[in-house]
Each structure stands twice: as C-alpha cells, then as structure tokens.
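Throughout, protein chains are lettered first and strands after them, A, B, ... in sequence-line order, and every chain is numbered starting at 1. Computed from a predicted structure; not experimentally measured.
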There are 2 protein chains.
Amino acid sequence: MPSDLGHALLGLLARRPSTGYELARRMQRPVGWFWTAGHSQVYPELARLEAAGLVRHDVVPGRGPRATKRYAPTAAGTAALRQWVTAELAPQPVRDLEVLRLWSVWLVDPEAASDLVHRVRDGHAQRLAAYEADLATLDGVAAAHDPSAPEFASRLTLEGGLRTRRAAVEWCDWMLAELARAAPG
Amino acid sequence: MPSDLGHALLGLLARRPSTGYELARRMQRPVGWFWTAGHSQVYPELARLEAAGLVRHDVVPGRGPRATKRYAPTAAGTAALRQWVTAELAPQPVRDLEVLRLWSVWLVDPEAASDLVHRVRDGHAQRLAAYEADLATLDGVAAAHDPSAPEFASRLTLEGGLRTRRAAVEWCDWMLAELARAAPG
DNA sequence: CAACTCATGTAATGAGTTACATGATTGA
DNA sequence: TCAATCATGTAACTCATTACATGAGTTG
C-alpha cells in the first residue's frame, strides 16, 4: 500500500501520464494547493510505485543526460487509487504555524500584533485570488459539471479553498477590529 | 534559535510553568487545535531549550520513578518567543489529506462520493462544536478582551478555527447539493 | 489486584527538506 | 554565450510517529 505521496502521484497520473519532472512541477500547482512534494521525493516514490506494479513507464528519447521516462498508472494502480479515495480516514491533525504565532500574540504590543495580522491577511488574500483565477478558467468547461470528469473534482477542491480563504480574510479583518477596539490610537 | 516545536513549548510555558508530561498533554489540547507533538518530541526539545538557556527547571519531589521537573521560561526564553511571534514568516504550504482525496473523487461513483463528503462534514462539525465549547468557557472571562492577556490570544485563535470550520461545513453541504444535482436518484 | 494516571526517557522508522551532481536543448 | 528549461537521480539532515522501557500512587 502506497504512502499519501504515492496516492497523490497516482491521482496526477490518472489525469494525465507524465514524466517525474512534470509530476514534480504539477505537485507545486495545482496539487500544491493542498499537498506538496519536491522532485527528490517524486523519483524514489515513482520507483516504489513501479516495484509495486501500480505504475509503468515507457522511455521516450529524451532531452536530458538520462533517458526520459513517461509514467502511467496500471489497472492495479487506478484500482488502488479508487479504493483509497473512499477508505477509512482518521481525523487529521492541524498544523498551522500562523495560528501558533497568533496564540502567543498577547506578548507583543498591539501595533506589532496588527502588523502581523495584516501580513497573515495578505497571504490569505493572495491565495484567494489564485483560487479565483483557477476557478475562472474552469468555468467555461462543461466537464466541470460532470461528476466522472477530473475537472469536476478540481472544481470541488477549488471551491473549498475559496470558501476557507474567504473566511480567513474575514477573520483577519475581525481581529484587526478587535485590536483597534481594545487599544485605540 | 529553537524550532517551531520549541516556540510552541515556550508559548505554553509563558502561560503556565509545567512538567514535560503536562506539556505533552497540553500539546494535544488546546495547542493541538493547530500544532501537535507527542511526549517523545517534548522531552528532547525541553533539553535543547534548557541547553540554550531559554527555559530552566526546578525539581519537585515527584510521583514517578524519576525526579519530576517543572519548567519555566527564562527572561531570554520569553524574549525569544516575543521576537519569533512577529518575525518574518514564509508562506506556509498547505497539507490536507481530505482535499487530496476529494481531488480524485471523480474516479468513484456518486453514492460513494456523497458518503465521503458526509464523513468529511462530520469531522468538521465535530471540531466546530469543540471550538464553540472552548469559546463559551472563555466568554465570561474579562481577560479575553485584554490584548495583553493570554486569554485574548486564545479567543482570537478559537474564533479563527470557528470561522474556517463553519466555512468547511457549508462547503460540504454545497458539495452534497452539487453531487445530487449532477446525479439524481 | 487490575487498570489508569502521573512521570520520564530512548530507539527505530518513516517522511520531508535542502543540497549535491550532471548534462542536453532552446531562446534571448 | 549566457540563462532558463527539461530531465534525472543521490546524500545529508531534520522532523515526526510509533514502539520500547520503567515504576510509583490512586481508584474501582
């Protein structure tokens, strides 16, 4: 049974066969919106997936110093991915460094606190804009409304990012108001 | 300079001196809402913080087989924490296994997809309830409105969790409607 | 007397990041 | 000709999880 990263790669390959290099790029975006990996993770994981019979590759005459390998999922790979999607999922621990910092924000003066919240807000607003842009390109596509098309799933996840980032931006505005109320001037 | 975990522990100790065991428990909740660690991470990190002069301990005649050590931040420790709170913060990569699964949900039939979304919704709703309960206990406390009190920061972070979880639950409801619309039956 | 909580640590494993290493083709 | 992109891999290191190990006091 592959790792989470392995399933991320299978998810990418189920949408479109790719080289390791392409997978590493696609892991930055769009998959990077909710899962990231560098190429130094991708290549060994591809080898493990291949050893498990979940992906296979053919060699295309390449442009680098080594042979260029194009990977695609096997029937077993697609089946494993399909099964994993609906498998039991333990509640996920949250890991948010920004919130961890805000939790100790009572130690600093209100001006420094406001500055921090502004920077946090900017980050969320930037992500929000990126999600909106991605969703806009999907808007015209008919497949985005067909539950068996990958574009449908892309639309679901983008909509989720949109809503949580929108909530985060509103939260930051609320915090700024709280800080201003508590310490005016 | 301590790790993120080190700053999490300093944040706990700045609120209340504790033993390693208590810190490990407090890392489950409330800090566990946004950062987690087990006791096997806590003890070595406390030793590192002490070696760096950021915490110190006194020995209280203990109940375990070894001496019970109660830790508190030093002046340097509190200063380091205060500085870290407002320090430069690189944009954080998101890591969300639930969204990663939903991204491949186009591979499964609409009934299985709805079931998955229901389970995701339950998880968010449970967390939302926990946040609401924690916020309710803070509601009566006057310190929760004083920006220099730790309860103020607790209120900020809980409010953030509340808003993002609320958005997530609404997102799940939206997905269920989308799935029902696309595949009625 | 069994189970649970308090209390502290180490060891092994797995996952993730950063750095090292190479080299062809394409476009400015 | 210089830089970027395509393309693949390994090595060192850090961080996190799980398992091992011990033992007193309290509650049912």
Side-chain angles (χ1 to χ4, degrees), chain A residues 1-9 12 16-29 31-32 34-52 55 57-71 90-97 100, chain B residues 1-9 12-13 17-29 31-32 34-52 55 57-71 90-97 100:
Chain A
M1 38 202 74
S3 64
D4 295 332
L5 172 61
H7 288 112
L9 296 178
L12 280 162
R16 172 159 45 88
S18 297
T19 66
Y21 183 86
E22 285 167 342
L23 287 171
R25 265 192 321 153
R26 294 171 71 195
M27 285 300 296
Q28 316 282 309
R29 180 176 174 163
V31 183
F34 39 84
W35 204 265
T36 52
H39 76 273
S40 68
Q41 270 181 286
V42 168
Y43 288 114
E45 185 62 33
L46 277 174
R48 279 189 287 270
L49 289 173
E50 187 151 53
V55 302
H57 76 266
D58 52 356
V59 178
V60 291
R63 288 174 287 285
R66 292 180 195 78
T68 295
K69 305 176 187 171
R70 185 160 305 267
Y71 287 86
Q92 291 298 297
V94 180
R95 229 178 165 67
D96 191 324
L97 203 50
L100 183 62
Chain B
M1 38 201 76
S3 62
D4 294 332
L5 172 61
H7 287 112
L9 296 178
L12 281 163
L13 294 175
S18 297
T19 66
Y21 183 84
E22 285 168 343
L23 288 171
R25 264 192 321 151
R26 295 171 71 196
M27 285 300 295
Q28 316 282 309
R29 178 176 176 165
V31 182
F34 40 85
W35 203 265
T36 51
H39 76 273
S40 68
Q41 271 181 285
V42 169
Y43 289 115
E45 185 62 33
L46 277 174
R48 279 188 287 269
L49 289 173
E50 187 151 54
V55 302
H57 76 266
D58 52 356
V59 178
V60 291
R63 287 173 287 285
R66 293 180 194 77
T68 295
K69 305 176 189 172
R70 185 161 303 269
Y71 287 87
Q92 291 297 299
V94 180
R95 228 178 166 66
D96 192 323
L97 202 50
L100 183 61

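Taking atom OH of residue Tyr71(B) and atom C1' of nucleotide dT8(C), one finds them 10 Å apart after rounding to whole Å. dT5(D) atom P lies 13 Å from atom CD of Gln28(A), rounded to whole Å. Between Arg70(A) atom CZ and dC6(D) atom P the separation is 12 Å, expressed in whole Å. One interatomic measurement links the two molecules: CE of Met1(B) to P of dT14(D), which rounds to 14 Å at whole-angstrom precision. When rounded to the nearest whole Å, the span between CD of Glu45(A) and C1' of dA15(C) equals 10 Å. Rounded to a whole Å, the CD atom of Glu22(B) is 14 Å from the P atom of dG9(C). Look at CG on Asp58(B): it is 13 Å from P on dA7(C), rounded to the nearest Å. In this entry the distance linking NE2 of His39(A) with P of dT10(D) reads 10 Å, nearest Å.
Here the CG-CG distance, from Leu9(A) to Asp4(A), works out to 11.0 Å after rounding to the nearest 0.5 Å. The OG1 atom of Thr36(B) sits 10.5 Å away from atom CD of Gln92(A), with the distance rounded to the nearest 0.5 Å. Of the inter-residue distances, the one linking Leu100(B) atom CG with His7(A) atom NE2 reads 9.5 Å to the nearest 0.5 angstrom.
Under the salt bridge (charged side-chain N to carboxylate O under 4.0 Å, His left out) criterion, the residue pairs touching residues 19-28 of chain A are Glu22(A)-Arg70(A), with sequence neighbours excluded.
A donor-acceptor pair is defined here as one N or O able to donate and one able to accept, closer than 3.5 Å; such a pair exists between the side chain of Glu50(B) and the backbone of His57(B).
Residues Pro44(A) and His39(A) come closest through the heavy atom pair CD-O, 4.4 Å. Looking at every heavy atom in both residues, Glu45(B) comes nearest to Gly6(B) through OE2-CA, 3.4 Å.
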Item to check | Dot-bracket pairing map - DNA chain D, Watson-Crick plus G-U, both contacts under 3.5 Å, | cross-strand | outcome: ||||||||||||||||||||||||||||
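Dashed line: the shortest gap from a side-chain N or O of Tyr21(A) to OP1 or OP2 of dT8(D) is not under 4.0 Å. Between Thr19(B) and dT8(C), a side-chain N or O to OP1/OP2 separation shorter than 4.0 Å is present. Residue Tyr43(A) has no polar side-chain atom (N or O) positioned under 4.0 Å from OP1 or OP2 of dG9(D).
Partner of Val42(B) under the side-chain contact (heavy atoms from CB on, under 4.5 Å) criterion, out of Leu23(B), Thr19(B), Leu12(B): Leu23(B) alone.
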List every contact pair, protein side and nucleotides 16-18 of chain D side both N or O, where the distance is under 3.5 Å.
| unit_1 | atom_1 | unit_2 | atom_2 | d |
| --- | --- | --- | --- | --- |
| dA16(D) | OP1 | Arg95(A) | NH2 | 2.3 |
| dA16(D) | OP2 | Gln41(B) | NE2 | 2.9 |
| dA16(D) | O5' | Gln41(B) | NE2 | 3.4 |
| dT17(D) | OP2 | Gln41(B) | OE1 | 3.4 |
| dT18(D) | O4 | Ser40(B) | OG | 2.5 |

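Arg95(A) has its side chain within reach of Trp35(B): a pair of non-hydrogen atoms, C-beta onward, lies under 4.5 Å apart.
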